[in-house]
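Keep in mind that the numbers below use all heavy atoms, side chains included, and drop hydrogens, waters and symmetry copies. Numbers restart at 1 for each chain; the letters A, B, ... are given by sequence-line order, proteins then strands.
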2 protein chains.
Amino acid sequence: MPATAAQKKGTRAAQKEARPKEIVEAALAIFARDGFAGTRLEDVAERVGISKGTIYLYFENKEELFKACVRETLGSHVKETMELAAAFDGPTPDLLREIVRRISGRLTKPAYRTILLLLISEGQRFPELVSFYHSEIIGPGAEGLGGVIQRGIDRGEFKETGLSKFPMMLMSPVIASVIWNHLFGDDVEIDPSEALQTHLDTMLDGLKA
Amino acid sequence: MPATAAQKKGTRAAQKEARPKEIVEAALAIFARDGFAGTRLEDVAERVGISKGTIYLYFENKEELFKACVRETLGSHVKETMELAAAFDGPTPDLLREIVRRISGRLTKPAYRTILLLLISEGQRFPELVSFYHSEIIGPGAEGLGGVIQRGIDRGEFKETGLSKFPMMLMSPVIASVIWNHLFGDDVEIDPSEALQTHLDTMLDGLKA
DNA sequence: TTCTACTGACTAACCAGTCAGTCAACAAGA
DNA sequence: TCTTGTTGACTGACTGGTTAGTCAGTAGAA
């Protein structure tokens, strides 16, 4: 009996182990293209190179497959970002730039972008997913950003503004540009990091104590 | 036995004239709830109090009904806003505030909000709708906002920033809060106009020459 | 040979779109 | 005003196509 995944490569056991991820990856692509209701599991299967029945060996039904896609992609990288914030001891504007840049980096990755758009479209149908997203990602993220803004205020670098109440709004240009590109990308593509850069420059100027 | 509920009011001619709007309104609600693929025309019909067949007397098919919903709701109020900008002769920050506030007012109206979310979810499937939206609303809107920012720069009220390149990003907090409320509104509702207010305060401060 | 991941034909359900039939509104004549 | 014929908005059962989900059978690794 082989011990590691690498050794098992090509064996049935290895294949079995790799299947769920393969399926989720393919499903993500098809869900992104056709939405939840519009997705045909046969298309997903074909993309993996298996038959539809196989999907049901790994996922209870279409809904569970969808949820797996969301959970798989979201992961939870919030913690490390928060640790960075705690350890940092330079000027707060630099810290804020770095953190916002990191979040933006994640938000604009293809898989994450896809999930963001899918959550917007299908969220109503999957309240548990939305609250998962809220409690695992959005909540801690907002809290973290809020903490950084507060740090700036405490250190006399930022003045007090309403932004403390809506720290997530710092990310709004990134979200808006992801949506913009999704809709109008063929005509006029926006570079989210450039949009963010511009936005941050102006905001940080306006925040200055 | 026929349903008599629909036959209460007005003449046949009046009824016929009112039908399309009734259908579009009902469809908007169901599309918003179930998405395009998920919407059953029977549900739409039931909401109006007519039978499914009647919908086909007024709309060629499901797609055309969807397009009618979008076109009906979007209208085109951009022109008047632009005229306001041309006529205004006070300080540019005040003008910008007023214009952004107006756009936000439209964006957050329930029907418009619904269309925004539907365009995000279903836009891929309806490229003509997206380009309609782009050419009728977004393009002129962006141009108008850009003009106002330029006015500020010309009058020495604003400094030159990258914002001129992405004027629509001024609206990003509104878009982000519409999406936020759509997803998380049950837990923590954001007041888009408050978010916008905060955002504008900071941005205008940062834009100051 | 045994075991099991996988197959794909099948079923049951669903729904967009159709169309022959219905009946209330209207018109016109008595 | 009443009667009667016509019109056309509307109905809803039906069709045809689609797809989620099942399961008896297969193939190939161990």
B:Ile153 side chain near B:Thr161 side chain, heavy-atom distance below 4.5 Å: no
Proximity to the side chain of B:Ser51 - top-ranked nucleotide from D:dA20, C:dT7, D:dG12: D:dG12
Closest listed nucleotide, where the reference is the side chain of A:Lys16 and the choices are C:dT18, C:dA5, C:dC6: C:dA5
Identified side-chain contact (heavy atoms from CB on, under 4.5 Å) partner of A:Pro173 from the options B:Met169, B:Met168, B:Met171: B:Met169
d(CD1, A:Ile55; P, D:dT19) in whole Å: 14 Å
N-O pairing of B:Glu83 and B:Lys79 below 4.0 Å: no
Sugar-phosphate only, base, or nothing, as touched by B:Leu41 at under 4.0 Å among non-hydrogen atoms: sugar-phosphate
Atom-to-atom span, CG of A:Asn61 to P of D:dA20 - whole angstrom: 11 Å
Nearest-angstrom distance from the residue atom CD of B:Glu42 to C1' of D:dA13: 11 Å
B:Lys52 side chain, from C-beta outward: closest of C:dC6, D:dG21, C:dG17: C:dG17
Contact list for DNA chain D against residues 25-36 of chain B - heavy-atom distance below 4.0 Å: none
D:dA9 phosphate, OP1 or OP2, under 4.0 Å from B:Thr54 side-chain N/O: no
Closest nucleotide among D:dT11, C:dA16, D:dA20 to the B:Ile50 side chain: D:dT11
From C:dA16, C:dC6, D:dC10, nucleotide with atom closest to B:Tyr58 side chain: D:dC10
Under-4.0 Å salt bridge between A:Arg47 and A:Glu22: no
5'-most by nearest nucleotide on DNA chain D - A:Arg40 or A:Glu60: A:Arg40
Sub-6.0 Å ring centroid separation between B:Phe36 and B:Phe126: yes
Gap between atoms CD and C1', on B:Glu64 and C:dA16 respectively (whole Å): 14 Å
Interatomic distance where OH belongs to B:Tyr56 and C1' belongs to C:dC15 [whole Å]: 9 Å
Minimum-distance nucleotide to A:Leu57 side chain [options: C:dT7, C:dC15, D:dA20]: C:dT7
Sidechain-backbone polar pair: A:Ser104 side chain, A:Val100 backbone, donor-acceptor under 3.5 Å: no
Interatomic distance where CZ belongs to A:Arg19 and C1' belongs to C:dA5 [whole Å]: 8 Å
Note, A:Gln124 side chain near A:Val130 side chain (heavy atom, < 4.5 Å): no
Phosphate-side-chain proximity, B:Gln15 and D:dC10, N/O vs OP1/OP2 below 4.0 Å: yes
Whether B:His182 side chain and A:Ile120 backbone form a donor-acceptor pair below 3.5 Å: yes
Value in whole Å for how far the P atom of C:dC15 lies from CG of B:Asp43: 8 Å
Atom-pair distance (CD on A:Glu63; C1' on D:dG21), nearest Å: 13 Å
